[in-house]
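See structure below.
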Amino acid sequence: MIGVELRLMLRRRRVWLCWALLCALPALVAVLLATTRLAPAPGQGPAFLSAVLDNGQLFPAAALALVLPVFLPITVAVVAGDAIAGEASTGMLRYLVVRPVGRLRLLTAKLVSVAAYVLIAVALVTLTSYVVGVAAFGFGAGAAAGGAGGITSLSGPVITPMGLATRTAIVVGYLALCMLALGAIGLFFSTVTDSPLAAALGVLAVVVVSASLLPLDAAAAIRFYLPTTHWLAWIDLYRVPILWTAVRQGAEVQLSYVLVAFGAAWANFATKDVTS
């Protein structure tokens with residue numbers, strides 16, 4: 001069942017379109033920066049974007065910071081919202097649930113499909129932005145002078161190329177988990193409605209509400225538990241030594257969202273009278 005869902009996901013044009021658009025935005029930004037040589041001042045704009053002119057190896061981090069607030073959540077909402085509601089809107093859901101695969105197995109396969117989508121999406125953005133960043137900005141002054149080609153961490157010490165690759169791989173996994181939390185929420189909404197658009201809008205509403213509450217002092221008591229609170233914790237991975245506390249806490253919160261949202265989706269879907 002999981003293999004079937006993965007193949008179905010890879011055959012959908014909108015999935016490939018979402019991946020293409022996610023990779024196109026950082027590429028466009030790289031072209032503009034390389035052409036104008038005008039980067040934001042330090043502390044302004046997305047994380048790391050002010051430093052990419054000096055070292056293209058930093059561009060994957062800047063690219064992830066570019067797509068994280070809006071574009072990546074939108075694509076996850078579209079894909080996750082379509083998981084169950086899309087089958088219902090086309091009339092295929094009732095045929096799926098009468099097959100001897102079980103609703104829990106079907107729902108699990110849908111979640112795995114969403115997880116594969118978000119992991120591939122984050123990995124594609126990282127890989128394409130690395131190629132584009134190095135092509136546009138080079139490996140940095142250290143590599144040009146025959147050095148190791150490392151980068152300066154946010155704390156000051158230099159991160160070696162191998163250390164940079166390892167940290168970036170952890171970032172990919174962490175952001176994939178953050179987006180999987182949204183995907184699980186989208187899967188829940190997808191079991192509530194037969195409209196993929198309504199399910200996607202439900203996910204985006206969660207993101208907007210969380211982002212709106214984040215800066216409010218009145219929401220201080222719940223700020224730690226908001227899904228968007230920990231999205232930028234991955235930046236601490238580019239410090240020496242790595243500050244693991246925020247990353248660990250963020251991973252725990254996101255994993256809790258995955259478990260709770262998937263449990264809610266299962267509780268609703270298991271008892272749902274499927275007529276469409």
Side-chain angles (χ1 to χ4, degrees), residues 1-23 67-68 71-128 172-204 206-207 227 251 254-270 272 274 276:
M1 191 66 186
I2 292 176
V4 172
E5 287 299 326
L6 291 176
R7 287 192 292 272
L8 286 175
M9 178 196 69
L10 293 175
R11 290 173 184 170
R12 291 183 174 128
R13 292 183 179 179
R14 62 178 171 271
V15 169
W16 289 94
L17 179 61
C18 288
W19 285 337
L21 291 175
L22 284 172
C23 295
V67 301
L68 179 60
F71 293 99
L72 190 54
I74 288 177
T75 64
V76 173
V78 169
V79 172
D82 187 65
I84 298 295
E87 306 283 7
S89 65
T90 59
M92 290 297 298
L93 186 58
R94 63 176 177 268
Y95 297 108
L96 290 174
V97 296
V98 298
R99 296 170 61 189
V101 296
R103 296 193 181 192
L104 178 59
R105 186 177 176 185
L106 174 61
L107 204 61
T108 301
K110 295 290 186 181
L111 182 65
V112 172
S113 177
V114 173
Y117 169 80
V118 298
L119 182 58
I120 294 173
V122 178
L124 281 176
V125 171
T126 303
L127 291 174
T128 56
V172 170
Y174 179 79
L175 289 182
L177 178 59
C178 291
M179 292 302 103
L180 181 58
L182 287 187
I185 294 172
L187 191 63
F188 165 69
F189 284 125
S190 192
T191 65
V192 174
T193 177
D194 291 344
S195 170
L197 177 59
L201 289 176
V203 178
L204 295 179
V206 170
V207 175
Q254 303 302 328
L255 183 59
S256 297
Y257 270 102
V258 173
L259 296 176
V260 171
F262 182 75
W266 159 238
N268 182 67
F269 190 56
K272 182 176 182 179
V274 178
S276 54

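Position 1 is the first residue of the sequence, and the numbers go up from there. Only heavy atoms go into these numbers, but all of them, side chains included; no hydrogens, no water, no symmetry mates.
- Across all non-hydrogen atoms, the minimal contact from P73 to V67 is CD-O, 3.9 Å.
- S190 places no side-chain N or O within 3.5 Å of a backbone atom of G186 that could act as its donor or acceptor partner.
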- Query: For L72 and L182, what are the C-alpha separation, side-chain angles and deciding distance, and is it a side-chain contact (heavy atoms from CB on, under 4.5 Å)?
  - Reply: CA-CA 10 Å; L72 190 54; L182 287 187; over 6 Å; no
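- Considering every non-hydrogen atom in both A115 and V118, the closest pair reads O-CG2, 3.1 Å.
- Nearest heavy-atom pair across A198 and T193 is CB-OG1, 3.9 Å.
- No side-chain donor-acceptor contact under 3.5 Å links S113 to the backbone of A109.
- For the residue pair P227 and Y257, the shortest heavy atom distance occurs at CD-OH, 3.2 Å.
- For the atom pair CG (L21) and CZ (F71), the distance works out to 9.0 Å, reported to the nearest 0.5 Å.
- In terms of heavy atoms, G183 sits closest to A80 at O-CB, 3.4 Å.
- Between L187 and A83, the shortest heavy-atom contact is CD1-CB, 3.6 Å.
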- Query: Could you walk me through whether L107 and T191 pass the side-chain contact (heavy atoms from CB on, under 4.5 Å) check?
  - Reply: CA-CA 9 Å; L107 204 61; T191 65; 4.1 Å; yes
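- Taking the side chain as every heavy atom from C-beta outward, T108 and F262 approach each other to under 4.5 Å.
- Atom CG in L119 sits 9.5 Å away from atom CG in L180 (nearest 0.5 Å).
- Legend: side-chain hydrogen bond (donor to acceptor under 3.5 Å, both in side chains) pairs involving residues 114-124, not counting sequence neighbours, sorted by first then second residue: T75-Y117.
- Among residues two or more places apart in sequence or in another chain, the side-chain contact (heavy atoms from CB on, under 4.5 Å) test is passed with L124 by W19, C23, I120.
- Taken to the nearest 0.5 Å, the CZ atom of F188 stands 14.5 Å off from the CG atom of L111.
- Under the side-chain contact (heavy atoms from CB on, under 4.5 Å) criterion, A116 pairs with L6, M9, not counting sequence neighbours.
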- Query: Could you walk me through whether V76 and V203 pass the side-chain contact (heavy atoms from CB on, under 4.5 Å) check?
  - Reply: CA-CA 9 Å; V76 173; V203 178; 5.7 Å; no
- Task: Please assess L10 against V15 for the test side-chain contact (heavy atoms from CB on, under 4.5 Å), listing each intermediate value before the final yes or no.
- Result: CA-CA 7 Å; L10 293 175; V15 169; 5.7 Å; no
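- Remark: R14 CZ to D82 CG distance equals 4.0 Å, nearest 0.5 Å.
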